[in-house]
Number of protein chains: 2
Amino acid sequence: MEYQEAKQKFISTWGSLGTIWGINKAMAQIQALLFISTEPLTTEQIMEELQISRGNTSMNVRQLIDWGIVTKELKVGERKEYYNTEKDVQELARIIAKERSRREIQPVIKTLQDISSMNNDGSAATAELIKQTQALLELAETADTVLTKVVNHKQNWVSNALLKMIK
Amino acid sequence: MEYQEAKQKFISTWGSLGTIWGINKAMAQIQALLFISTEPLTTEQIMEELQISRGNTSMNVRQLIDWGIVTKELKVGERKEYYNTEKDVQELARIIAKERSRREIQPVIKTLQDISSMNNDGSAATAELIKQTQALLELAETADTVLTKVVNHKQNWVSNALLKMIK
DNA sequence: CTTAATTTTCAAAAATTATTGAAAGTTTAG
DNA sequence: CTAAACTTTCAATAATTTTTGAAAATTAAG
């Protein structure tokens with residue numbers, strides 16, 4: 001496989017992977033492009049490479065900046081902005097995990113807590129609802145811990161050793 | 001909060017959570033409904049409770065069955081099918097993790113492996129692409145292990161030890 | 001200040017995804 | 001077998017999400 005094909009494949013793979021971490025295709029593709037670029041890119045370059053509009057580029061770059069994944073860089077003597085992404089995959093995973101937790105899991109946990117403290121009218125249906133809500137709440141809390149903490153501790157040798165054991 | 005409100009909240013929370021585990025809203029809501037129901041439900045009951053069409057119900061129940069999350073039950077002397085879902089949240093998590101790995105992560109890992117074995121033409125751009133692809137591949141493999149193995153082994157002391165360490 | 005370069009916004013259009021409902025298909029009872 | 005009870009299919013429609021592109025806003029240079 002030659003460079004151009006590999007590059008396209010990388011970008012489109014990452015793009016479809018975007019759904020896994022809950023961001024849209026263009027956003028994921030922009031990030032992918034920056035991730036394998038040897039230097040920061042301008043809006044024009046991103047538009048050209050991905051064949052997307054200016055507005056689309058602007059909005060998605062903005063969101064990536066909001067996520068903390070992309071940063072602006074300025075070159076002396078130039079007006080336009082250059083965009084760069086976090087290149088360390090561990091750090092990237094950490095940011096994504098933290099953001100997903102904050103944006104999606106935390107609100108769910110909050111709602112499940114509200115539900116589990118509902119008025120218990122003594123009916124079987126209510127008992128089941130409370131029971132299942134609490135079970136799910138516990139799972140959500142564990143999942144959240146795994147997501148936000150495990151990713152944070154990649155360099156820990158104990159975690160690594162334990163992971164290798166079960167791999 | 002009274003039963004009806006709590007139930008609605010549970011179903012809609014789970015419905016929006018559906019995007020996290022990559023299934024559509026109706027599918028997630030049907031599963032949620034079954035999950036808190038004290039007994040298996042028929043197509044009619046699901047349609048009525050969720051206010052969705054027969055076709056929609058049929059298609060999404062089918063998908064849930066394909067995922068291995070919902071099972072058919074037959075009552076003696078009755079023609080219609082009753083649907084039941086896995087009630088154990090741990091088991092549910094296990095099934096979902098396994099399916100997502102199979103459907104989404106495995107194909108990505110395969111593609112990343114293909115890319116990382118691309119022809120190295122010695123350019124800086126190619127070097128960067130290979131380097132980043134390999135880093136991502138390693139992360140994807142670790143994430144997949146955590147997802148499929150750790151979730152599988154809740155009673156496993158290694159997983160428990162890992163969790164306690166970081167919690 | 002004025003002007004040109006650049007980015008942002010947002011209504012409209014396009015693309016994608018989900019839902020409906022009626023017809024076709026299947027299954028079981030009699 | 002036939003008929004009734006039920007489930008599945010799928011083309012049409014609706015809802016949602018994404019993308020566009022041109023106008024407005026912003027920024028910096030002269």
Side-chain angles (χ1 to χ4, degrees), chain A residues 11-12 14-34 40-67 69-85 103-104, chain B residues 11-12 14-34 40-67 69-85 103-104:
Chain A
I11 291 171
S12 86
W14 190 292
S16 61
L17 201 59
T19 58
I20 291 183
W21 43 292
I23 66 168
N24 79 40
K25 208 184 73 183
M27 199 170 144
Q29 290 189 342
I30 292 170
Q31 206 279 323
L33 178 64
L34 296 175
L41 303 180
T42 63
T43 301
E44 291 291 339
Q45 290 174 306
I46 295 169
M47 288 169 63
E48 164 69 20
E49 290 262 18
L50 301 180
Q51 294 290 302
I52 60 176
S53 72
R54 189 175 300 284
N56 201 1
T57 304
S58 171
M59 286 190 297
N60 284 295
V61 165
R62 192 88 354 238
Q63 274 199 267
L64 284 164
I65 291 172
D66 288 346
W67 272 70
I69 290 171
V70 163
T71 50
K72 268 188 221 178
E73 288 190 14
L74 300 169
K75 292 200 181 180
V76 288
E78 291 208 51
R79 279 285 279 286
K80 51 183 171 298
E81 295 172 343
Y82 284 79
Y83 303 106
N84 209 356
T85 191
R103 291 169 194 240
E104 299 184 76
Chain B
I11 291 170
S12 87
W14 190 290
S16 62
L17 200 60
T19 58
I20 291 183
W21 43 292
I23 66 168
N24 79 41
K25 208 183 72 185
M27 199 170 144
Q29 290 188 342
I30 292 171
Q31 206 280 324
L33 178 64
L34 296 175
L41 302 179
T42 63
T43 302
E44 290 292 339
Q45 291 174 307
I46 295 169
M47 287 168 64
E48 164 69 19
E49 290 263 15
L50 301 180
Q51 294 289 302
I52 59 177
S53 71
R54 189 174 299 284
N56 201 0
T57 304
S58 173
M59 286 190 298
N60 284 296
V61 165
R62 193 88 352 234
Q63 275 200 265
L64 285 164
I65 291 173
D66 288 348
W67 273 71
I69 289 171
V70 163
T71 51
K72 269 189 218 177
E73 288 191 14
L74 300 169
K75 291 201 181 178
V76 288
E78 290 207 53
R79 282 284 281 284
K80 51 185 171 298
E81 295 172 344
Y82 285 80
Y83 303 106
N84 209 357
T85 192
R103 292 168 194 239
E104 300 184 79

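Each chain gets a letter, A, B and so on, in the order its sequence line appears, and its residues count up from 1.
Between B:E44 and B:K80 there is no salt bridge, since no side-chain N of the basic residue sits under 4.0 Å from a carboxylate O of the acidic one.
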Could you pull out the protein-nucleic contacts involving nucleotides 2-5 of chain D (nitrogen or oxygen on both sides, under 3.5 Å)?
residue : atom : partner : partner atom : Å
D:dA5   : N3   : B:R79   : NH2          : 2.8

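Atom CD1 of A:I11 is separated from atom OG of A:S16 by 12.5 Å, given to the nearest 0.5 angstrom.
Scanning residues 69-78 of chain B for heavy-atom distances under 4.0 Å to DNA chain C yields an empty list. Applying a 4.0 Å cut-off to non-hydrogen atoms, the residues of residues 54-63 of chain A that approach DNA chain C are A:R54, A:G55, A:S58, A:M59, A:R62, listed by residue number. For DNA chain C, the neighbouring residues in residues 41-52 of chain A, judged by any heavy atom under 4.0 Å, are A:T43.
Minimum heavy-atom separation, A:A28 to A:G18: CB-CA, 4.0 Å. A:Y83 approaches A:T43 most closely through the heavy-atom pair CE1-OG1, 3.5 Å. Contact record, A:Q45 with A:L41: OE1-CA, 3.3 Å, taken as the closest heavy-atom pair. Considering every non-hydrogen atom in both A:Y82 and A:P40, the closest pair reads CD2-O, 3.5 Å. The two residues A:L64 and A:I30 make their nearest non-hydrogen contact at CD1-CG2, 3.8 Å.
The shortest distance between side-chain heavy atoms of B:L34 and B:V70 falls below 4.5 Å. By the 4.5 Å heavy-atom criterion applied to side chains, B:R54 and B:M47 are counted as neighbours. Using a 4.5 Å cut-off on side-chain heavy atoms (C-beta onward), B:Q31 and B:I69 make contact.
Stacking of B:R103 on the aromatic ring of B:W67 is recorded, both the 6.0 Å distance cut-off and the 45° axial limit being met.
Under the rule for a salt bridge (charged side-chain N to carboxylate O under 4.0 Å, His left out), A:K75 has no partner lying at least two apart in sequence or in another chain.
Annotation: B:E73, atom CD; neighbour count of heavy atoms from other residues, nucleotides and ligands within 6.0 Å is above 12.
You can see that DNA chain C meets the heavy atoms of chain A within a 4.0 Å-exclusive cut from C:dA4 to C:dC10, reading 5' to 3'.
Panel note: side chain A:E49, backbone A:I46; no donor-acceptor pair is recorded below 3.5 Å. Checking side-chain atoms of B:N60 against main-chain N and O of B:N56 turns up a donor-acceptor pair under 3.5 Å.
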